[in-house]
Amino acid sequence: MINFDEELKKYHPSLELEDAEQAIYNQDMKDMVDVMLKMTKDGAFGTESSKQH
């Protein structure tokens, strides 16, 4: 049987929309474009792809 008092103690309200947006946007996350740009800048793709025929 469900103990409602125990379940209410575990409850944490979800973030409001504005708070959630701030929590998401304040993280420094990289997307694939950032990764690809860094790889090309660092030369991770090698020189073979830039050789002319």
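Because only heavy atoms are used, hydrogens play no part in the values below, and waters and symmetry mates are left out as well, while side chains stay in. Being a predicted model, the structure only gives us computed values, none of them experimental.
Pairs of residues two or more places apart, or lying in two chains, that qualify as salt bridge (Lys or Arg N to Asp or Glu O under 4.0 Å) and include a residue from residues 32-43 are Lys38-Asp42.
In the hydrophobic clustering (ILVMFWY side chains linked at under 4.5 Å, chained through shared members), Val33 is joined by Leu37. Apart from Tyr11 itself, the hydrophobic cluster it occupies contains nothing, where clustering links Ile, Leu, Val, Met, Phe, Trp and Tyr at side-chain heavy-atom distances under 4.5 Å.
Scanning for salt bridge (charged side-chain N to carboxylate O under 4.0 Å, His left out) contacts around Glu6 gives Lys9, with sequence neighbours left out. Evaluation of the side-chain contact (heavy atoms from CB on, under 4.5 Å) rule for Glu16 yields Asp19 as partners, not counting sequence neighbours. Applying the salt bridge (charged side-chain N to carboxylate O under 4.0 Å, His left out) test to Glu18 and every residue at least two apart in sequence or in another chain returns nothing.
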